[in-house]
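If you're wondering where the values come from, they're calculated on a predicted model, not measured in any experiment. Note that ligands are numbered from 1 as they come in the structure, with each ligand's atoms numbered from 1 the same way. When a residue number appears, it is its place in the shown sequence, counting from 1.
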Amino acid sequence: METNVKPNHSIHCTVNECTNHCGNENYCSLGVVTIGTHEPDPTLCQCVDCESFSRKDHEYLSFR
Ligand code: SF4
């Protein structure tokens with residue numbers, strides 16, 4: 001995928017479905033991201049979320 005975004009090599013990420021993902025490189029393009037949890041008492045990696053995630057499809061659909 002062609003992209004003009006600059007990878008932030010301090011934030012490795014494989015979530016290609018996110019608007020902020022660099023596409024051809026597994027990095028985030030943001031300077032900073034917010035990490036949070038949806039659990040009251042997180043114990044596993046799965047309990048933790050990138051709260052800066054924005055799905056590509058949603059952005060695409062919002063401009064139609
Ligand atoms: S915002 Fe979060 S999920 Fe999206 S590319 Fe950056 S680190 Fe990955």
Side-chain angles (χ1 to χ4, degrees):
M1 175 179 139
E2 282 291 320
T3 179
N4 294 321
V5 294
K6 190 167 183 255
N8 180 343
H9 290 115
S10 295
I11 307 176
H12 185 249
C13 179
T14 59
V15 186
N16 192 40
E17 294 79 6
C18 180
T19 305
N20 302 314
H21 190 268
C22 285
N24 53 354
E25 295 186 66
N26 277 330
Y27 291 99
C28 182
S29 62
L30 298 177
V32 63
V33 294
T34 300
I35 306 300
T37 182
H38 53 274
E39 300 287 348
D41 183 20
T43 54
L44 300 170
C45 187
Q46 294 94 309
C47 302
V48 178
D49 310 298
C50 177
E51 295 181 348
S52 300
F53 172 80
S54 170
R55 184 160 168 90
K56 284 177 180 170
D57 291 351
H58 286 193
E59 184 180 71
Y60 172 73
L61 291 172
S62 71
F63 284 103
R64 296 192 75 194

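- In this structure the side chain of Val5 never reaches within 4.5 angstrom of the side chain of His21, judged on heavy atoms.
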Task: Candidate pair Glu17 and Asp57, rule side chain to side chain contact (heavy atoms under 4.5 Å, CB included), full reasoning - done: CA-CA 8 Å; Glu17 294 79 6; Asp57 291 351; over 6 Å; no
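- Of all heavy-atom pairs spanning Asn20 and Ser52, the tightest one is ND2-O, 3.1 Å.
- Taken from SG in Cys13 to CG in Asn8, the straight-line distance is 11.0 Å, to the nearest 0.5 Å.
- Around atom 2 (Fe) of ligand 1, protein N, O or S atoms at less than 2.8 Å number 1.
- Side-chain contact between Val15 and Cys50: absent, with no pair of heavy atoms (C-beta onward) separated by less than 4.5 Å.
- Using a 4.5 Å cut-off on side-chain heavy atoms (C-beta onward), Glu39 and Val48 make no contact.
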